[in-house]
Amino acid sequence: MRLATWNVNSAKSRLPRLLPWLDERAPDVVCLQETKLSDDDFAALFDDELAARGYAVAHHGEGRWNGVALLSRVGLDDVVRGLPGEPVFAEGGRTGTDARAVTATCGGLRVTSVYVPNGRTPDDPHYGYKLRWLDALRELVVAGDPATTVVAGDMNIAPTDDDVWDRPAFDGATHVTPDERAALAALQATGLHDVVRDRWPDERVFSYWDYRAGRFHQDQGMRIDLVLAGDGPAGRRAAAWVDRKARKGKLPSDHAPVLVDLDEAPDGDVGPMVPPPSSPAPLVRKK
DNA sequence: ATGGCTAATCGCATTAGA
């Protein structure tokens, strides 16, 4: 099973990139962030195209900002929008919650697509909101089952200094502060593995590059899009990588997709572990 | 480097991203 997460920075403007990417990479489960669409607008733009490709859809959007989705062609059940007990942002004249999480059961996994609040600056009210939101996310994971849990998305935190291109460039900024990293560590301490870093412990791996200043061309990025998996799915990891090609070319998102291939589940609930005797041995991974 | 780009919005500038 192939699982992917991608902050598309507007699904509407990324439509000409997103559909060909689905055809090329053929992921079974996709976590999207920053769709920046209402549920109705997402459905109008994507439902037919996705259905034609075999994907069921759960979208949780609000319109102008945020917006997350799950696409799955291995089942999509028990959809939950938002986080239980998610914080309310109530400062500066704004009161409410954001569309930043959606959860569903796909191919035997309990998958949550997350768009963690940016935080803006460490002294901004949005920073505390970010930490409270991460607490609520941790509560969701604690209530779940490590055998099936996957949390994937834009964490808006670089786990270590090795996950940013130049640590001093982030002095005074969010994404690298001790409190954020502690919140991420607490989330992982519930039993979640950073699948890409586990696969590439010493490599320079980024998933986001600022549009400005030729950051992508110089590979001056950050690794803030993570796939966090419980023991079950983490133990099935066959491949984990960042699809840098999707960051190239015309009108890219500023984030690249992160992909993880999982071997078949040991109990066979995703598919047979071996092909039937009459079938030739597959040369490539079964989709 | 002081936001050097991108996106959404009734926009002709502002908000937001990270």
Side-chain angles (χ1 to χ4, degrees), chain A residues 5-18 32-42 44-46 59-69 89-101 113-131 133-134 153-181 183-184 205-226 242 246-258:
Chain A
T5 180
W6 192 8
N7 179 324
V8 292
N9 185 16
S10 168
K12 182 178 181 179
S13 72
R14 216 59 60 214
L15 193 145
R17 299 293 302 257
L18 180 53
L32 298 178
Q33 301 87 36
E34 283 208 87
T35 63
K36 297 184 178 178
L37 290 171
S38 67
D39 293 342
D40 286 347
D41 287 345
F42 187 91
L45 278 170
F46 284 95
H59 185 267
H60 179 40
E62 56 191 64
R64 183 175 186 180
W65 305 115
N66 310 313
V68 289
F89 187 92
E91 297 199 49
R94 182 168 81 88
T95 299
T97 58
D98 300 328
R100 295 183 177 274
S113 173
V114 299
Y115 176 46
V116 175
N118 171 297
R120 300 192 181 181
T121 60
D123 59 356
D124 189 288
H126 288 87
Y127 181 83
Y129 173 65
K130 181 179 193 174
L131 297 178
W133 200 92
L134 287 162
D154 180 355
M155 304 300 300
N156 269 321
I157 300 169
T160 75
D161 288 352
D162 290 333
D163 296 306
V164 297
W165 65 277
D166 180 37
R167 177 60 187 81
F170 294 88
D171 281 349
T174 54
H175 295 62
V176 299
T177 66
D179 285 350
E180 288 164 87
R181 286 177 170 169
L184 178 60
V205 182
F206 298 139
S207 65
Y208 162 87
W209 300 261
D210 197 303
Y211 283 124
R212 295 162 292 183
R215 290 282 184 244
F216 179 71
H217 179 69
Q218 300 167 82
D219 197 24
Q220 297 175 336
M222 312 170 73
R223 194 176 69 92
I224 55 178
D225 301 273
L226 308 181
V242 174
R247 181 62 177 79
K248 304 176 183 178
K250 286 187 180 300
L251 294 176
S253 169
D254 41 6
H255 296 250
V258 180

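A, B, ... follow the sequence lines: proteins, then strands. Residue 1 opens every chain.
Looking at E180(A), R181(A), H175(A) one by one, the single match for side-chain hydrogen bond (donor to acceptor under 3.5 Å, both in side chains) with T177(A) turns out to be E180(A).
The stretch residues 160-169 of chain A has no heavy atom under 4.0 angstrom from DNA chain B at all.
OP1 or OP2 of dT6(B) has not a single side-chain nitrogen or oxygen of S10(A) nearer than 4.0 Å.
Shortest non-hydrogen contact noted between T5(A) and Q33(A) is OG1-NE2, 3.0 Å.
Salt bridge annotation for D171(A)-R167(A): present, with a cationic side-chain nitrogen under 4.0 angstrom from a carboxylate oxygen.
With both ends at atom P, the span from dT9(B) to dG4(B) equals 24 Å, rounded to whole Å. When the P atom is used for both dA16(B) and dG11(B), the distance is 15 Å, rounded to whole Å.
Here dT6(B) presents its P atom at 9 Å from CZ of R247(A), a figure rounded to the nearest Å. dA8(B) atom P lies 11 Å from atom CG of D41(A), rounded to whole Å. In this structure, CD of E62(A) is placed 11 Å from P of dT9(B), rounded to the nearest angstrom. Atom CZ of F42(A) is separated from atom P of dA8(B) by 14 Å (rounded to the nearest Å).
Take the nearest nucleotide of DNA chain B for G214(A) and for T35(A): the residue whose nucleotide is more 5' is G214(A). Heavy-atom distances to DNA chain B give each of H175(A) and L251(A) a nearest nucleotide, and the one nearer the 5′ end belongs to L251(A).
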### Query
Could you write nucleotides 11-17 of chain B as a row of B, S and -, 5' to 3', where a protein heavy atom under 4.0 Å of any base atom gives B, of only sugar-phosphate atoms gives S, and otherwise -?
----BSS
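Heavy atoms of S13(A) sit under 4.0 angstrom from primed sugar atoms or phosphate atoms, though from no base atom. Heavy atoms of F170(A) sit nowhere under 4.0 angstrom from any nucleic acid atom.
With sequence neighbours excluded, the residues forming a salt bridge (charged side-chain N to carboxylate O under 4.0 Å, His left out) with D98(A) are R94(A), R100(A), listed by chain and number.
At least one side-chain heavy atom of M222(A) sits under 4.5 Å from a side-chain heavy atom of V164(A).
Between F206(A) and W209(A), the two ring planes are perpendicular [angle over 60°; tilted spans 30° to 60°].
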